[in-house]
Each structure stands twice: as structure tokens, then as C-alpha cells.
Student: 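Would you mind keeping the following structure in view while I ask a few things?
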Amino acid sequence: MTLLLDVRDVTKRYGGVVANDAVSLQVREGEIAGLIGPNGSGKTTLFGAITGAYPVDGGDVIFNGASISHLRVGPIVRQGLARTYQQTRIYGEMTCMENMQISSRASQGNVMSLLRLKARGAQTRAEDLLSFVGLHEKRFEYGGRLSFGQQKLLEFAMALMSEPKLLLLDEPTAGINPTLINGLIDRLQRANKELGVTLLVIEHNMRVIMNLAEHITCLAHGRVLASGTPDEVRNDPRVLDAYLGAQ
Amino acid sequence: MIDPVLDRLRKTPEWLVLVVLGLVSLAAPFIMPGLVTQLAFLWLMVVFAQTWDVLGGQLGYNSFGNVIFFGIGCYATAVMQRDSGLPYFDALTLGLLLSALLALVAALVFGAALLGIRGHYFAIATLGLGIAAGELAAGWDYIGAGSGMSLPLFPGELGSRELFFYFVMLAIAAVCFLTLRWLYGTRFGLAMNAIRDDEDKAEAMGLHTTAIKTVAWAISAVFLGLAGGVAGNMLGFIDPRDVAFSGATFGVWMVLMAILGGKGTLWGPVIGAIVFHITKELFWTYLLGWQRVALGVLIVLIVLFFPQGIMGWLADRRRARAGGAA
């Protein structure tokens with residue numbers, strides 16, 4: 001399989017704190033990859049570095065064969081690399097349908113194309129994706145009135161609406177009702193298989209990530225600690241030490 | 001008691017409201033010939049509120065400097081009328097075109113400089129812009145400096161000037177309304193709301209946020225520039241601080257009217273402008289000497305009791321009744 005995302009020795013410093021220290025990881029096209037690590041190990045920082053939220057201090061990010069580490073958020077997402085946030089970000093004063101409609105690929109066009117398009121465009125696809133995440137009956141509800149878990153689902157649907165090649169999900173199950181988590185795993189897998197979206201998932205719930213990911217990278221203190229199949233990572237003594245403390 | 005009336009209004013199709021409003025507006029100066037100038041100023045207020053709401057309501061950028069585009073419009077038309085040597089109506093037409101163009105260019109330039117600033121900082125920066133413009137105009141001899149500019153006499157018979165500018169101002173307000181109505185129905189309108197709700201998210205979803213903000217400001221600037229060119233002629237005299245760049249009156253009123261009617265709605269600013277203008281004119285007529293105090297009290301009352309504006313209050317009321325009925 002071809003490499004879709006190739007992170008090469010990315011370093012990000014905040015003053016004296018090295019949040020990412022020469023981190024490398026690869027995501028192959030079509031797979032579901034996992035990113036784990038204890039709190040403060042630099043996972044979300046790495047997401048920001050990949051998606052252009054801030055400039056990196058070293059290393060390079062190759063997406064779909066081209067370097068994107070010099071680009072900002074907008075150009076990167078328009079190339080098909082989208083993300084969701086740990087603390088959900090949706091448009092609170094807009095209905096779910098409007099949230100979906102403005103997230104479509106067509107909305108990323110220039111101003112002239114936005115002026116030509118009716119606000120109600122891409123209705124069917126928006127409704128289908130809202131059904132997919134189980135929010136269809138909430139479609140005329142304001143985004144800000146949804147529960148935290150529902151907002152996460154909406155944000156996931158919005159990301160799918162933009163038809164990304166690669167979607168970075170930051171803790172998709174955090175704050176979601178435990179009984180809904182199985183449904184969410186199923187949806188992530190279906191998005192991967194049926195919609196062809198490659199996924200890179202940050203997850204704290206080990207049961208979830210071990211079932212979901214084909215390949216996992218573990219960070220600790222900003223460095224890559226281990227990387228491999230779920231079994232390899234789970235049985236790596238360094239990973240156990242990082243989570244449970246060394247003997 | 002008020003609810004059946006509101007229900008009735010809500011069920012009326014929008015085109016019918018527009019047609020009736022259009023007919024009333026066309027007939028008004030003939031029904032109330034003594035109030036033609038006040039009515040023309042009413043349409044100016046409608047333009048003020050609507051154009052302020054593009055950024056303030058739909059985009060979430062509170063601008064206190066929009067009056068600058070109005071002032072540029074005032075002077076551009078006046079200079080064209082003074083210096084072009086063309087017949088009155090030719091000079092006026094060209095002047096209005098120049099006003100719109102210069103306001104547009106100003107919006108693009110200031111937009112590039114200021115629309116990267118967010119929240120309160122943007123509000124303060126635009127406030128400074130409006131004040132600076134007034135001081136600059138008051139010191140620039142080419143446009144009359146502190147003594148202002150007088151406009152050429154209208155060539156028609158007595159009373160025709162007021163009527164003429166009434167209809168020009170009405171046309172600007174109407175075209176402005178219809179343009180914004182169309183704009184809010186496009187995906188551009190949704191994009192503005194997305195930026196208002198979460199600009200970082202909008203950017204992270206690939207929207208061209210800078211271009212969207214700048215174009216939105218430019219659209220309001222064009223109508224403000226046109227309105228300025230006409231307003232100068234309606235008044236017959238342009239003072240740099242009290243007319244053209246009058247932040248303390250026009251600049252504040254445009255914000256108030258939009259808030260009173262309901263920010264971020266199509267009809268809110270229109271309703272707000274009408275209510276505000278009528279109230280203000282009544283104060284000037286019946287509370288002379290105390291009119292500014294009364295206006296101040298009104299402003300406090302608006303912010304206290306109608307923070308969501310008339311449209312927001314109506315929506316709350318409907319929600320409460322729907323909840324009660326269920």
C-alpha cells in the first residue's frame with residue numbers, strides 16, 4: 001500500500017518544552033492508524049503540526065507525495081487532510097443541516113463560487129451523513145443545543161462531508177456515552193471501508209483503539225516510544241512502563 | 001392579544017410584505033408631503049442598519065468604523081459635483097459611482113489591514129479609524145477642511161429636490177435589502193455565519209475566511225458610499241465631524257438600530273431602523289432640549305430589555321408558546 005502521510009522527524013518546541021521531539025510516523029492509504037500515549041505526550045501537538053495550525057521547528061510532513069509542512073491550515077485541508085478536535089468545534093448558532101452544508105467540498109471554493117451556490121446545496125449528502133451518525137432527526141436543531149457527544153458526532157459528519165482523503169480524529173470516544181461507543185467504532189470502520197477515508201485516531205480507550213487500528217504508534221514525552229501492530233505495542237514493555245510506571 | 005397579529009404576519013408570504021411595503025414607500029411622500037426629508041432619512045437609517053449588520057450580525061465582527069465609508073461617499077460625490085464641470089445630473093451620477101468605487105477600495109484596503117484582528121480589538125481599531133478619518137477630513141483643504149463643503153443647488157423647482165432624493169435613497173435601501181436577501185441565501189451567507197460561530201473551525205474546514213470577510217465588508221461599503229453621496233446632497237452641506245464621519249451619531253446609531261431590530265437577521269435591522277428613527281424624531285419634536293437624554297435612556301433600555309432585539313424577542317416568544325402548547 002502507498003504511504004498517504006509520512007511524518008519525518010517533526011520537532012515542535014514551546015520555549016524550552018519540546019512537545020514533539022523528532023517524531024516520525026507513517027499512515028498507509030486506506031488503513032486505520034492509531035496514536036496513543038499518556039497525557040501530555042504530544043499527540044494533539046502532533047495533530048496541530050500535521051494540519052498546519054503552527055509552524056514546525058524541524059522535520060517535514062509529506063502528504064499524498066508532497067511536502068505540506070510549509071502550508072497553513074486552509075491549503076492543507078483543501079488538499080484533503082481534515083481533523084476533528086478533542087473539545088468539539090461546531091457552528092453553534094447554525095442548524096445541523098447548515099453545519100453540514102457549509103462543510104462540503106464545494107464550500108472550500110473561492111468567493112465567486114460561494115455566491116453562485118444556493119445555501120441549500122448538497123442536501124441529500126448532508127442528510128445521508130447525518131443519518132449515518134444518527135443525528136437525522138436533529139437536523140433542524142442548532143448545533144449549540146446538542147449534547148457534547150452529539151456535537152462530536154456532528155463534527156465527525158462535517159469532516160466526512162468535506163470528503164477528506166485522510167481524517168485525523170482527536171479522541172472520538174471521549175465524552176460519548178459508553179453504550180454508544182460500539183456504534184461509533186462501527187461508524188469509523190464503515191467510514192473507512194465504504195467512504196474510503198483513511199483514519200489516524202488519537203484514543204485513550206485501549207479497548208477501542210486495539211480493536212480499531214491496524215497499526216499503532218505510541219508517544220511518550222514527545223518521542224515515539226513504540227510502533228507496530230496492536231499486539232506488538234500492547235506487549236512492548238516500554239509502553240507498559242510509560243502507562244503504568246517502571247518497576 | 002399581540003400574538004394573533006404576529007401569527008398573521010408570520011403566515012403572510014414575504015413577497016406580499018415586500019409589495020405592500022414597496023407601494024407604501026412609493027406613496028408615502030405624496031401622503032405626507034411635509035415629512036419627505038424625514039422619510040428620506042428613514043431610508044438612510046435602514047441602509048445604515050442593514051450594512052452594519054453584514055459584519056456585526058452575520059459575520060460577528062462589530063465594526064464601529066463603518067461610518068468611514070459613508071463619509072468617503074459624501075466627499076467623493078461632492079468633489080465630483082464641484083470639480084467635474086458637468087451638468088448637475090451627470091455630475092451626480094458620476095459622483096455616486098465614484099463614491100461607491102472609493103468606498104469599495106477603502107473596504108478592501110482597511111479589510112486587508114484590520115480583518116485579521118478579532119473581537120474587541122477589531123471594534124476598537126475600527127473606532128479609531130472612524131475618528132481618524134474625521135480629523136483628517138477636517139484638516140484637508142482640498143475638501144474644505146474644518147469648514148466643510150457646500151453642495152451645488154438642485155436645478156429643479158422648489159420641493160422637487162426633496163422628492164428626488166427621497167426616491168434615490170429609497171432605491172438604494174431597496175437594492176441594498178434585495179442584495180443582502182440574495183446574499184444570505186447563498187452559501188456565502190452560510191460561510192459568514194460559520195465564521196461568526198467559530199472562525200478557527202471555518203478556516204480549518206477550508207473556507208477562504210479572509211476573502212469572505214473582505215468581500216462582505218466591501219459589499220456594505222458600496223451601499224454606504226452611495227448613501228453618503230446622496231445624504232450629502234439631501235443636507236446640502238457636509239461637515240467633516242458632524243455629518244461625514246459622525247461616529248457619535250450615525251456611527252453609534254447603526255449599531256443600535258441593528259441590535260434593536262435583531263442582529264444577524266434579514267428583517268431585524270430594517271425593523272430596528274424604522275422603530276429607532278420614528279422614536280428619535282418624536283423625541284426631537286416633543287422633548288426638545290431633552291432629546292439626547294431621552295435617546296440615551298432609550299439606548300440603555302434597548303440593551304437592558306431587548307438584548308436579542310425585536311426579532312430575537314419574537315423568536316423567544318414563539319418558542320415559549322410552542323413549548324407551552326406541547
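Keep in mind that this is a model prediction, so the values were computed, not measured. In what follows, every chain begins at residue 1, and chains take the letters A, B, ... in the order their sequences are listed.
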Student: Relative to chain B, which of A/L115, A/V73, A/V111 shows the most heavy atom pairs under 4.5 Å?
Tutor: A/L115
Student: So do the side chains of A/L160 and A/F132 get within less than 4.5 Å of each other, counting heavy atoms only?
Tutor: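 In contact.
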Student: Determine yes or no for a side-chain-to-main-chain donor-acceptor pair under 3.5 angstrom, with A/N20 supplying the side chain and A/V23 the backbone.
Tutor: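 Between the backbone of A/V23 and the side chain of A/N20 there is no qualifying donor-acceptor contact (under 3.5 Å).
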Student: Tell me which of these, A/E155, A/R116, A/R83, has more heavy-atom pairs under 4.5 Å with chain B than the rest.
Tutor: A/E155
Student: Determine whether more than 12 heavy atoms belonging to other residues, nucleotides or ligands lie under 6.0 Å from atom OH of A/Y54.
Tutor: yes
Student: Of the listed residues (B/V215, B/N193, B/I195, B/L207), which shares the most heavy-atom pairs with chain A below a 4.5 Å separation?
Tutor: B/L207
Student: For chain B, find which of A/R78, A/R105, A/R72 contributes the most heavy-atom pairs closer than 4.5 angstrom.
Tutor: A/R78
Student: Does some side-chain heavy atom of A/F63 sit less than 4.5 Å from a side-chain heavy atom of A/K165?
Tutor: yes
Student: Among A/Q79, A/M158, A/E93, A/E98, which residue forms the greatest number of heavy-atom pairs with chain B at distances under 4.5 Å?
Tutor: A/E93
Student: With a 4.5 angstrom heavy-atom cut-off, which part of A/N99 approaches chain B: side chain, backbone, both or neither?
Tutor: neither
Student: Sort A/I90 into side chain, backbone, both or neither according to what part of it lies under 4.5 angstrom from a heavy atom of chain B.
Tutor: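 Backbone only.
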Student: Which one, A/G92, A/G74, A/S107, A/S104, leads in non-hydrogen pairs under 4.5 Å with chain B?
Tutor: A/S107
Student: Quick check on A/Q87: does its CD atom have over 12 non-hydrogen neighbours (other residues, nucleotides or ligands) under 6.0 Å away?
Tutor: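 It does not: A/Q87 CD has 12 such atoms or fewer within range.
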Student: So with a 6.0 Å cut-off around NZ of A/K138, is the heavy-atom count from everything else above 12?
Tutor: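 12 or below, so no.
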Student: Using heavy-atom distances under 4.5 Å, tell me whether B/L183 contacts chain A through its side chain, its backbone, both, or neither.
Tutor: side chain
Student: Judged by modelled atom types alone, do A/D60 and A/S69 share a side-chain donor-acceptor pair under 3.5 Å?
Tutor: yes
